[in-house]
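Here is the structure we will look at, set down as structure tokens.
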Amino acid sequence: MPLSESGTEPGSGTAHSPAEPRPGAGGRAGPDRPTSERLASDRAATGEPEEQSPESVDEDGIGHHRPAGEQAEPEAKAEAERNTFAQAYLTFNAPVYAPGSGFGSAWAVPGAGRRRATGRLDDQDVRAALDFYVRPAQYATALEALLENHVLVLEGQEGTGRRAAAIALLREVTDSHIVMLPPVLTLQDHAERDYERGYAYLTIDHIRELRAHGEDVVWRAVRDRIRDAGAYLVITAEERTATRTEAVRHVRWSRPSLSAVLRAHLPDLPEIDLAQLVEVIPPEWTTASVADVGRRIRAGEGIECAFDVFDSTAASQVGAWFDRGRTQREIVEVTALCFTVGQSRRSFERLVERLDSQLTRRLAPPEDAGPRNLPAGGLPEIRAAFSDPGGLIAVQAQESGEIARYAVAFRSAGYRRRVVEELSRRHDSRFWDAVRSWLEEVLDDCDPREVAAGLAHLARTDTDEVEHEYLERWAAGVIGPKGQLTASFTLWVMCFGDALSRFALRRAIRWTNEPDGERRHTALLAFSGELGLRYPTEAVRRFWQLITQDPRLSTQAQAGLANLFAALTHAEEDATVVLRTLGRHLDRFTRRGVDVRLTDLTMDTTLTVLSYRDPVDGRPAISSYLSSRPDQASLAARLWGGVIRHHGYRRRGMEALTAALAALDNIDAGTDIAAGLGSALQRDLTAAELLTFRADLVGLVGDARDARTRFVRILVGTDIV
């Protein structure tokens, strides 16, 4: 999704590319913006004359500088990054903003989809988790432990229903809010944070710490903190062989019986059909996959849909294809397709030839090339293989009138994952070294989404291979911006599976904490999209870390945070976490005596978010947010009030406010939202500040025909709603 480059489009907000001068900081009394762009009240407050020559804006602009000896990026690299960001913007416009959307043309994992892992659960979230819920045998034991200690750990394998169980248990002990905490919080973090009385807290798939001694002491501190607050906490975690604490009960979780789960989802299904389903569903079933079967059958599909959900047909077909013995050409074709679905025939053939060349250099050519490689008496009929009904590859015709286009894909979307599994199982490091060298050689000719989808499938089978041979190298910029973009996209794809999403989060956090600017930049890209949507609280925290700690990336991190706010709003997720965090920073960093640099960064970041335009519809994201959350008008007004009080930021704040008001013109509740903002600002500003604000705001609009005028008059109270 777009970072700094997205903000350079007309009307896209306040983001700037690293090469551009940025608006000066405005937390100080002296002027730091061109006089022509300042409001009359600003000039009067600082004693400036009505006419003054524009001042030059510092290159760095916000009061901090590059480390000594560090120069601006070469133009060639800057241009490459601009192209990279533009591609990210164009490629991921829809998937980032479409709730539950897929990623990549073949990332079709049954039951997969982004599931927010932090933030407050609403009633709809709770109902969705508890619909068709079946209690396993351990439920009563877990409930007793939670009531006694107020803290409980559910251990078990992924897919056993720990998340739904945790929500069910918490709802048994309190009717208050359920808040999901980030899985990266340490036990010490849990022991030191504040908890609201009566609230329920949930950490899904807690990332374990390596503790040799003292773990029981920390667990006791967590238990006492929660119990003293009158709150409850359930943590889910992977199963481990030994539990080192007696302070908090760790309950080993397992699935209910398959027939009981199926009956809950399908109460009207005949017993004979239920028995058939039990027979065809594989032993490694998960509660999510069974729920998907139930949903499809309730929608009218037959019980044979279970074969699609569990991909069992694809697994047997792909395994049989490999078992028949294949030529190098055939292996090369399916390998290349794992990372290049959707290429035209000619482009695909070129990519295959280059991979074949890489393999030939590393492996001895096969003794028997086979009839498909060397047919008797003629040229090899390579394309004929694509029409083989027993093959894995097909050419999809995309015809429009007299124009015929063809794209190469797997005959079934489920083949892709299985092919990657078979390749990983059957071939050694020489083969995979050739694949990596080939991908790095052809990456500019490939769709990074498809490469990312292929790598994510490989990570399901061999996470170490993807981590060390691809992600670490590419995130460090070894092959340039396109590699960094693809590495971040790979983390995005991983967010559609629970286990891999935790790996992606840990990897991005590690990059954020490294001194290497290239890896930090890749982490910024990752948190700007699906990773941020899955873990919004942690993403906001990491954006702020980059904004305040790395002057090289602060502008891009500000734009990334604004983009995350827009994405959360558009995906109908809780974007309030962004605004609340900014509100806390305004309270903390705009007081007297605070480091001016932090004040400047806080003000600039707040304005970037308030003025950011949604790349999907071009409207200010804050307008879309308020249209769906009018009850949060006071929170938005608090942010505007914070920037309006600072003379250097007043004009930008008012411009962002009038742009947001103009976007309310097509919203049914637009007048109510404008009135709510006005009422909140009246409460937030002093009488003197309010008087100046009203005069400046009305003067900024001016033209009575301006679409903003009516809403400005409503906001300042001169029109009756």
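If you're wondering where the values come from, they're calculated on a predicted model, not measured in any experiment. In this chain, numbering begins with 1 at the start of the sequence shown.
Checked by atom type and distance alone, the side chain of Ser347 never pairs as donor or acceptor with a backbone atom of Ser344 at under 3.5 Å. Distance alone, capped at 3.5 Å, places no donor-acceptor pair between the Ser289 side chain and the Trp285 backbone. Formation of a donor-acceptor pair under 3.5 Å by the Arg354 side chain with backbone atoms of Trp438 is not found in this model. Panel note: side chain Glu573, backbone Leu533; no donor-acceptor pair is recorded below 3.5 Å. In terms of modelled atom types and a separation under 3.5 Å, the side chain of Arg542 and the main chain of Ala508 share no donor-acceptor contact. A distance-only check finds no donor-acceptor pair linking the side chain of Arg252 to the backbone of Glu155 [under 3.5 Å]. Using modelled atom types, no side-chain atom of Gln556 and backbone atom of Leu553 make a donor-acceptor pair closer than 3.5 Å. Panel note: side chain Asp189, backbone Thr186; a donor-acceptor pair is recorded below 3.5 Å. The main-chain N or O of Gly391 is found under 3.5 Å from a side-chain atom of Arg411 such that the two form a donor-acceptor pair.
Taken from CD in Glu349 to CZ in Arg345, the straight-line distance is 7.5 Å, to the nearest 0.5 Å. Atom CG of residue Leu485 and atom OG1 of residue Thr490 lie 9.5 Å apart, to the nearest 0.5 angstrom. Between Leu258 atom CG and Glu279 atom CD the span is 10.0 Å, to the nearest 0.5 Å. The distance from the CZ atom of Phe339 to the CZ atom of Arg416 is 8.5 Å, given to the nearest 0.5 Å. For the atom pair Leu423 CG and Thr335 OG1, the distance stands at 4.0 Å (nearest 0.5 Å). The OH atom of Tyr535 sits 9.0 Å away from atom CD1 of Ile509, with the distance rounded to the nearest 0.5 Å.
Residues satisfying the salt bridge (charged side-chain N to carboxylate O under 4.0 Å, His left out) criterion with Arg507, sequence neighbours excluded, are Glu467, Glu472. Applying the salt bridge (charged side-chain N to carboxylate O under 4.0 Å, His left out) rule to Arg162 yields the partners Asp205; only residues at least two apart in sequence or on another chain are considered.
The aromatic rings of His427 and Phe431 sit parallel, their planes meeting at an angle under 30°, below the 60° perpendicular limit.
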Worksheet entry | Trace of the side chain to side chain contact (heavy atoms under 4.5 Å, CB included) decision for Val290 with Val309 | CA-CA 8 Å; Val290 173; Val309 170; over 6 Å; no
Item to complete: Take Ser424 and Glu465, measure what side chain to side chain contact (heavy atoms under 4.5 Å, CB included) needs, and give me the verdict at the end.
Response: CA-CA 10 Å; Ser424 179; Glu465 175 76 17; over 6 Å; no
Practice prompt. Evaluate the criterion side chain to side chain contact (heavy atoms under 4.5 Å, CB included) for residue pair Gln545 and Asn513; output intermediate values, then yes/no.
Written response: CA-CA 9 Å; Gln545 176 184 344; Asn513 290 328; 2.9 Å; yes
Worksheet item: For Ile331 and Phe322, what are the C-alpha separation, side-chain angles and deciding distance, and is it a side chain to side chain contact (heavy atoms under 4.5 Å, CB included)?
Response: CA-CA 9 Å; Ile331 295 297; Phe322 275 93; 3.7 Å; yes
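Inter-residue side-chain proximity for Glu421 and Arg426 is flagged as unmet; no heavy-atom pair is nearer than 4.5 Å. Within the 4.5 Å cutoff, the side chain of Leu458 has heavy atoms near those of the Trp432 side chain. With a 4.5 Å cut-off on side-chain heavy atoms, Arg520 and Leu546 count as touching. Under the 4.5 Å side-chain criterion, counting only non-hydrogen atoms from C-beta, Arg502 is in contact with Glu238. Put simply, the side chain of Phe503 reaches to within 4.5 Å of the side chain of Leu471, judged on heavy atoms. Looking only at side-chain heavy atoms (C-beta outward), Phe543 and Leu524 come within less than 4.5 Å of each other. In this structure the side chain of Phe310 never reaches within 4.5 angstrom of the side chain of Glu284, judged on heavy atoms. Side-chain contact check for Gln358 versus Glu441: some heavy-atom pair is nearer than 4.5 Å.
Scanning all heavy atoms of the two residues, the minimum distance from Glu518 to Ala476 falls at CB-O, 3.5 Å. Nearest heavy-atom pair across Ala237 and Val153 is CB-CG1, 4.5 Å. Smallest separation of non-hydrogen atoms from Trp253 and Gly161: NE1-O, 4.0 Å. Listed here is the closest heavy atom pair of Ala336 and Val352: CB-CG2, 4.0 Å. The nearest pair of heavy atoms linking Ser501 to Cys495 is CB-CA, 3.8 Å. The minimum heavy-atom distance linking Asn563 with Pro615 is given by the pair OD1-CG, 4.4 Å.
Counting non-hydrogen atoms of other residues, nucleotides and ligands closer than 6.0 Å to CD of Gln157 gives a total of 12 or fewer. Under a cut-off of 6.0 angstrom, the local environment of CZ in Arg425 is crowded, with over 12 non-hydrogen atoms contributed by other residues, nucleotides or ligands.
A donor-acceptor contact closer than 3.5 angstrom is absent between the side chains of Tyr470 and Thr486. Side-chain polar atoms of Ser357 and Arg361 form a donor-acceptor pair below 3.5 angstrom. Side-chain polar atoms of Glu450 and Gln343 form no donor-acceptor pair below 3.5 angstrom. Inspection of the Thr360 and Gln328 side chains reveals an N or O donor paired with an N or O acceptor under 3.5 Å.
The one candidate from Asp516, Thr522, Leu525 that meets the side chain to side chain contact (heavy atoms under 4.5 Å, CB included) condition with Trp511 is Thr522.
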